[in-house]
Amino acid sequence: MLLPGFRPLHVPIVQLNLELVLKCGQSFRWRVVQVVENDLSSPEWRLTLHDRVICLRQNSDTLFYRALFPLGTHELEDGSTLAWIRDYFQLDVDLDNIFSSIEDPIFKRATSLFGGGIRILRQDPWENLISFVCSSNNNISRITSMVQNLCTHFSSPLVLDSLNIVEPHCPFPPPHSLSNPSVDGILRNLGFGYRAKYIQQTASILCQVHEDPQQWLLSLRTKSTDEAREELLKLPGVGPKVADCILLMSCDKPEVVPIDTHMLQIATKHYNFRLPGNLKGKAVPAITPKSRDEVSLMFQKKWGAHAGWAHGVLFAADLKSLAAHGGIRTSSPSPSRVSRGVDVPKKERETVSRISGSSISSSPPGELYTDETVRGDSLAERIKLRRRYSRFKP
DNA sequence: CATGGACCACCC
DNA sequence: GGTGGTCCAT
């Protein structure tokens, strides 16, 4: 494969499969661009960082990469792009190595379904945090559009040289861009619903409490799993499921297995897990705090030190095998409840099904939050925030 | 500490 | 009526 401008890196597709990894609900910002050069065009993946756009393509044994830089910046490739890639994809982690000790036949089957290549990304904790605050009661396609809106409305696009670049490339907005109280209303108008307040409050709290919020989030990587989780749970919109996702995907906690209704289904259907009031044949009851811990522990015990990575395989495999069956659909009711307030229409849809055969349907602000703006909040609001934030304090 | 609702917008 | 949760009140 000849790709002008791209640099080759030897990475077998069984170690990293972009198609499987970048669209399975870990990161929501990668975009596919169909490049029409020649005829044998492979999809190109792009992600906008704060100072460059990462571009990737791949074939069976090679990953091709390059970066697009803003006008006026030195784009001499000093190796930082390669360093970023190795870190982000955790290329030093050998999938064969960490999975070879897992005997679980169901896991093995899921792996063989794709021939590997599914790994956990090492994402930026801040972006990861906000993205998953958006994930509650939500599907991949809508989360994707919400995150996209976050970028286009709260950060400035990189000014690129390339003429073939049309749409704006906006980085993920930093904490201070989302901390102003006005952000709540803006996000609501963008269709974020009740998650709008969570995002603004979380950003606000982090900016108030930490000199450098992003650096502080990064420091969670060196803390113990329990300590890091405790910190994350203090933030509005972050419950046990979201916290576990962040721990696994951006805080170097590979043993953590996030349990959502999806994983609960898998546990029930394939691992004979039974909730308290669940008899055979009955529908799976709603997840409870206790059952979540039980299921998570079961998987952790079964899969070991990299249980979270194994979970990623089951999860992605599940999503994928549905997309393959493309029309199998299971649930789907319709609304009758009308809500008041501002409504902003949204489009897009996506359906995913499951391995087992059943399926689910898925698929100007920006000012620094200063003491002055803080005073803009009502007293009650501040007290509530304060109480929540100190809930776990000694 | 353990359950039910509400919560937004959107799917169907 | 349900969604790849969380918050709040019993």
Side-chain angles (χ1 to χ4, degrees), chain A residues 23-26 28 129-147 149 184-202 232-246 248-249 257-268 275-277 283-296 311-312 314-316 318-320 322 327 329-354 358-363 380-381 384-385 387-389 391:
Chain A
K23 288 190 65 177
C24 68
Q26 286 191 62
F28 302 93
L129 163 64
I130 298 304
S131 296
F132 278 83
V133 164
C134 292
S135 75
S136 72
N137 269 334
N138 217 339
N139 57 59
I140 292 179
S141 81
R142 188 153 84 108
I143 298 169
T144 299
S145 68
M146 287 165 74
V147 171
N149 274 329
D184 180 8
I186 297 172
L187 290 180
R188 276 195 181 260
N189 288 338
L190 287 172
F192 280 65
Y194 58 81
R195 305 167 195 85
K197 188 187 296 283
Y198 294 155
I199 292 170
Q200 184 273 319
Q201 290 182 337
T202 284
L232 291 170
L233 288 175
K234 293 174 183 172
L235 303 170
V238 178
K241 190 270 181 178
V242 169
D244 280 359
C245 282
I246 298 167
L248 172 65
M249 307 188 294
V257 180
I259 301 300
D260 54 11
T261 61
H262 205 183
M263 283 305 291
L264 180 63
Q265 296 277 338
I266 291 177
T268 301
L275 272 53
V284 181
I287 187 92
T288 66
K290 193 172 72 173
S291 59
R292 157 175 284 107
D293 289 345
E294 285 179 28
V295 176
S296 188
H311 137 278
L314 272 258
F315 198 87
D318 207 44
L319 279 180
K320 193 66 177 183
L322 320 222
R329 175 176 310 273
T330 51
S331 59
S332 28
S334 72
S336 61
R337 200 176 65 198
V338 178
S339 57
R340 47 181 185 47
V342 187
D343 271 27
V344 175
K346 288 272 165 258
K347 28 194 167 179
E348 299 176 50
R349 65 203 58 189
E350 179 176 340
T351 300
V352 285
S353 43
R354 313 185 59 266
S358 67
S359 63
I360 60 171
S361 63
S362 64
S363 311
E381 199 73 62
K384 190 182 295 185
L385 278 182
R387 173 185 305 150
R388 173 170 175 73
Y389 190 63
R391 196 173 63 191

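Chain A is the first sequence line, chain B the second, and so forth, proteins listed ahead of strands; every chain is numbered from 1.
- Among the heavy atoms of the strands, none lies under 4.0 Å from A/P258.
- No contact: A/F192 has no heavy atom under 4.0 Å from any strand.
- Picking from C/dG4, C/dT6, B/dC8 the nucleotide with the shortest atom distance to the side chain of A/F315 gives C/dG4.
- Taking the side chain of A/H262 as heavy atoms from C-beta on, and the options B/dC8, C/dG4, B/dT3, the nearest nucleotide is C/dG4.
- A/R142 has no side-chain polar atom (N or O) that falls below the 4.0 Å cut-off from OP1 or OP2 of B/dA9.
- As rounded to the nearest Å, B/dG4 and C/dG2 have P atoms that lie 15 Å from one another.
- A donor N or O paired with an acceptor N or O is not found under 3.5 Å between the base of C/dG5 and the side-chain atoms of A/Y198.
- A/I186 has its CD1 atom 16 Å from the P atom of B/dA9, to the nearest Å.
- Between A/N137 atom CG and B/dG5 atom C1' the separation is 12 Å, expressed in whole Å.
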(request) Dot-bracket for DNA chain C, please, read 5' to 3', with Watson-Crick or G-U wobble pairs under 3.5 Å on both distances, ( ) within the strand, [ ] crossing, | other strand, . unpaired. (result) |||.||||||
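- Not counting sequence neighbours, the partners of A/D184 by the salt bridge (Lys or Arg N to Asp or Glu O under 4.0 Å) test are A/R188, A/K197.
- Ring orientation note: the planes of A/Y194 and A/Y198 are nearly perpendicular, at an angle over 60° on the 30°/60° scale.
- The ring-ring contact (aromatic ring centres under 6.0 Å, His included) check on A/F192 picks up nothing, with sequence neighbours excluded.
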